[in-house]
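One structure is given here, and the rest of the page talks about it.
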Amino acid sequence: MTLDRAKELIRTQLQFGGGYNRNAVRLILAEIQADHGQTAVDQLINELALEEKFGLKAGTDFSHVGR
């Protein structure tokens, strides 16, 4: 998945803002981590304010999510 596509998908999830949407974002971040690494994940978390909206912190390892 490209970073642009991930941003698009995450922005859609942010519009709803529920618990299921938080989990969907975690799955997206897990895929980004596998494809692009932790730096890309941290960038998305910071850029899209995911800590404030879903409590997702930069530096979190999402590699175990969905597996």
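Note that the structure is a prediction, hence the values are computed from the model and not measured. Counting from 1, the numbers follow the sequence of the chain as shown.
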Determine whether Phe62 and Ile45 make a side-chain contact, defined as any pair of heavy atoms from C-beta on separated by less than 4.5 Å. yes
Donor-acceptor pairs under 3.5 Å, side chain of residues 10-18 to any protein atom, not counting sequence neighbours: which ones?
from: Thr12; atom 1: OG1; to: Glu8; atom 2: O; distance (Å): 3.1
from: Gln13; atom 1: OE1; to: Asn21; atom 2: ND2; distance (Å): 2.7

Any residue meeting side chain to side chain contact (heavy atoms under 4.5 Å, CB included) with Leu3, in chain and number order, not counting sequence neighbours: Ile32, His36, Ala40, Leu44
Pairing residues for Asp42 by the side-chain hydrogen bond (donor to acceptor under 3.5 Å, both in side chains) criterion, not counting sequence neighbours: Gln38
Sequence-distant partners of Asp61, side chain to side chain contact (heavy atoms under 4.5 Å, CB included), two or more places apart: Gln33, Ser63
Side chain to side chain contact (heavy atoms under 4.5 Å, CB included) partners for Asn23, two or more places apart: Arg26
Could you go through residues 48-57 and list every donor-acceptor pair under 3.5 Å that involves a side-chain atom there, pairing it with any protein atom two or more places apart or in another chain?
from: Glu51; atom 1: OE2; to: Lys57; atom 2: NZ; distance (Å): 3.3

Would you compute the distance between atom CG of Leu29 and atom CG of Leu9 and round it to the nearest 0.5 angstrom? 11.0 Å
Thr39 vs Gln43, test: side chain to side chain contact (heavy atoms under 4.5 Å, CB included). Steps then yes/no. CA-CA 6 Å; Thr39 303; Gln43 178 184 354; 5.6 Å; no
